[in-house]
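Residue numbers begin at 1 in each chain, while the letters A, B, ... track the order of the sequences.
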There are 2 protein chains.
Amino acid sequence: MQRMTRQRSAVTELLADVEDFRSAQQLHELLRGQGNGIGLATVYRTLQSLADGGEVDVLRTGDGEALYRRCERREHHHHLVCRRCGATVEIDGPTVETWAAQVGAAHGFTEIEHTIELTGTCARCAAEGP
Amino acid sequence: MQRMTRQRSAVTELLADVEDFRSAQQLHELLRGQGNGIGLATVYRTLQSLADGGEVDVLRTGDGEALYRRCERREHHHHLVCRRCGATVEIDGPTVETWAAQVGAAHGFTEIEHTIELTGTCARCAAEGP
DNA sequence: CCAGCGTTTGACAACGGTTATCACGACTCC
DNA sequence: GGAGTCGTGATAACCGTTGTCAAACGCTGG
Ligand SMILES: [Zn+2]
Ligand SMILES: [Zn+2]
Ligand SMILES: [Zn+2]
Ligand SMILES: [Zn+2]
């Protein structure tokens, strides 16, 4: 059903190399830069399809832009992202998982979902100073 | 520094009445509907200034739209929002506050911030069925 | 290997929420 | 009341994202 085209594999290979969360437009720029001509719309479509399949994680910046990242673990997890350089650590939070479920149930809510993202300044960036 | 104009008080009064998170455009519609003529740009500006002053909370929907709400408590807190009707409960989470700080520190990150939002179906909506 | 056909692509236009512009009006202070 | 300041609002611009649709492509069965 899903065909493997030159463009689709270019995107997945690029995502395998990139460590941090990147926007669709950044990824498009990178692909163009490395000679892999590809349409912007195709990048968006591919990322969306990968996200739907759970192959990449999506998170939204404060101003609504979507960032994508190919994470190590496919199971549910959260992120600790450096606000300066974008370095990302995948977080496993059993504590908050149960907390979220309990709080939701305590107020009579069902089918609880949660969004939990951590932002900070990583050690390397903190060392550099302002 | 901040003047109290007819438009600004109209927005704050409306926010005092509205229980749930609403978008800037919804609030603009409501103001227009109740005869309070006001420009859309002014609604955006006012909401932004209120948000900067910590008088309203902002949260982003999955597709990047900003929603605003005048919350009871001005201190830091989180939200449990019904995905059907928008009913909102303010959540106090000492557990997750310390968890977030610890996890951040454990990875050498400083100045940790966190985004934590809970979504579910409230008891009333669950009773109504699909 | 090739024809046929459904899928994917990509340039471009359109969309939707938000922000910038800037002339105008309203308020303040003297 | 006049100068200076700040807020307003219609409109245009912005920017990330999605829709359009003809052409290109990848797969498969023959
Ligand atoms: Zn992840
Ligand atoms: Zn979780
Ligand atoms: Zn709140
Ligand atoms: Zn918190």
Side-chain angles (χ1 to χ4, degrees), chain A residues 1-15 18 20-53 55-69 81 83 86 115 117, chain B residues 1-15 18 20-53 55-69 81 83 86 115 117:
Chain A
M1 204 83 296
Q2 185 66 262
R3 287 185 187 171
M4 184 51 59
T5 65
R6 175 180 64 80
Q7 292 86 343
R8 190 179 180 90
S9 55
V11 171
T12 55
E13 279 168 29
L14 174 57
L15 283 171
V18 173
D20 312 334
F21 277 94
R22 291 291 160 82
S23 72
Q25 316 219 34
Q26 285 175 329
L27 295 169
H28 178 241
E29 279 299 316
L30 288 171
L31 288 167
R32 282 273 156 123
Q34 73 184 41
N36 270 315
I38 183 173
L40 179 56
T42 304
V43 176
Y44 274 107
R45 272 188 301 245
T46 307
L47 289 171
Q48 187 142 319
S49 122
L50 290 173
D52 289 348
E55 298 190 52
V56 299
D57 283 11
V58 190
L59 73 80
R60 293 251 169 200
T61 70
D63 58 318
E65 194 178 10
L67 303 181
Y68 303 85
R69 177 178 195 258
V81 183
R83 65 169 63 82
T115 303
E117 299 297 340
Chain B
M1 202 86 291
Q2 187 62 262
R3 286 186 190 166
M4 184 51 61
T5 64
R6 176 180 65 79
Q7 293 87 342
R8 190 178 178 89
S9 53
V11 170
T12 56
E13 281 168 28
L14 175 57
L15 283 171
V18 172
D20 313 334
F21 277 93
R22 291 292 160 80
S23 72
Q25 316 219 33
Q26 285 176 329
L27 294 169
H28 178 239
E29 279 298 316
L30 289 170
L31 288 166
R32 283 269 156 125
Q34 73 186 39
N36 272 316
I38 183 173
L40 178 57
T42 304
V43 176
Y44 274 106
R45 271 189 302 245
T46 307
L47 289 171
Q48 188 143 318
S49 121
L50 290 172
D52 289 348
E55 297 191 52
V56 300
D57 283 12
V58 190
L59 73 80
R60 293 253 169 198
T61 68
D63 58 318
E65 193 177 12
L67 303 181
Y68 303 85
R69 178 177 193 257
V81 182
R83 66 169 61 83
T115 303
E117 299 295 340

Requested in this report: Could you point out which residue of A:Glu13, A:Arg6, A:His28 forms a side-chain contact (heavy atoms from CB on, under 4.5 Å) with A:Asn36?
Outcome: A:Arg6

Query raised in the report: To the nearest 10 degrees, how far apart in direction are the end axes of the helix from C:dC1-D:dG30 to C:dC30-D:dG1, each fit to five base pairs?
Result: 30°

**Report entry** Separation of atom CZ in B:Arg8 from atom P in D:dT8, rounded to whole Å
**Finding:** 8 Å

Query raised in the report: In whole Å, what is the span from the CG atom of A:Leu31 to the C1' atom of C:dT9?
Result: 14 Å

Report task. Return the value, rounded to whole Å, for the distance between atom NE2 of B:His28 and atom C1' of D:dA10. Result -> 11 Å

Requested in this report: Before giving the answer on side-chain hydrogen bond (donor to acceptor under 3.5 Å, both in side chains), spell out for B:Arg60 and B:Thr115 the whole-Å C-alpha distance, their side-chain angles and the decisive distance to 0.1 Å.
Outcome: CA-CA 11 Å; B:Arg60 293 253 169 198; B:Thr115 303; over 6 Å; no

Polar pairs (N or O, both sides) under 3.5 Å between protein and nucleotides 17-20 of chain C?
unit_1 : atom_1 : unit_2  : atom_2 : d
C:dG17 : OP2    : B:Gln25 : NE2    : 3.3
C:dG17 : O5'    : B:Gln25 : NE2    : 3.3
C:dT18 : OP1    : B:Ala66 : N      : 2.8
C:dT18 : OP2    : B:Tyr44 : OH     : 2.7
C:dT19 : OP2    : B:Gln48 : OE1    : 3.3

Query raised in the report: Can a side chain N or O of B:Thr42 be found less than 4.0 Å away from OP1 or OP2 on D:dG9?
Result: yes

Query raised in the report: Quick one: B:Arg3 CZ to C:dC27 P, roughly how many Å, whole number?
Result: 9 Å

Query raised in the report: Where is the tightest heavy-atom contact between A:Arg32 and A:Gly37, given as atom of each residue plus distance?
Result: NE-CA, 4.3 Å

Report summary line: Winner on side-chain proximity to A:Ile38, out of C:dT28, D:dG26, C:dG10, is C:dG10

Requested in this report: Using a 4.0 Å heavy-atom cut-off across all strands, classify B:Gln2 as base, sugar-phosphate, or nothing.
Outcome: sugar-phosphate

Query raised in the report: Taking atom CG of A:Leu47 and atom CZ of A:Arg8, what is their separation to the nearest 0.5 Å?
Result: 9.5 Å

Requested in this report: Look at A:Thr5 and C:dT9 and indicate whether a side-chain polar atom (N or O) is within less than 4.0 Å of OP1 or OP2.
Outcome: yes

Query raised in the report: Taking CE from B:Met4 and P from D:dG7, how many angstroms apart are they, rounded to a whole number?
Result: 11 Å

Query raised in the report: Looking at B:Glu117 and B:Leu59, what are the two nearest heavy atoms and their distance?
Result: OE1-CD2, 4.0 Å

Query - Over all atoms of both residues, closest heavy-atom pair of B:Tyr44 and B:Ala24 - result: CE2-CB, 3.5 Å

**Report entry** Distance test, side-chain N/O of A:Arg6 to OP1/OP2 of C:dG10, below 4.0 Å
**Finding:** yes

Query raised in the report: Taking all non-hydrogen atoms of both residues, which atom of B:Val58 and which atom of B:Ala66 are closest, and how far apart?
Result: CG1-CB, 4.1 Å

**Report entry** Phosphate OP1/OP2 of D:dG7: any B:Gln7 side-chain N/O under 4.0 Å
**Finding:** no

**Report entry** Any residue meeting side chain to side chain donor-acceptor pair (under 3.5 Å) with B:Arg69, in chain and number order, not counting sequence neighbours
**Finding:** B:Glu90

Query raised in the report: Does the side chain of B:Ile38 come within less than 4.5 Å of B:Thr46's, by heavy atoms?
Result: no

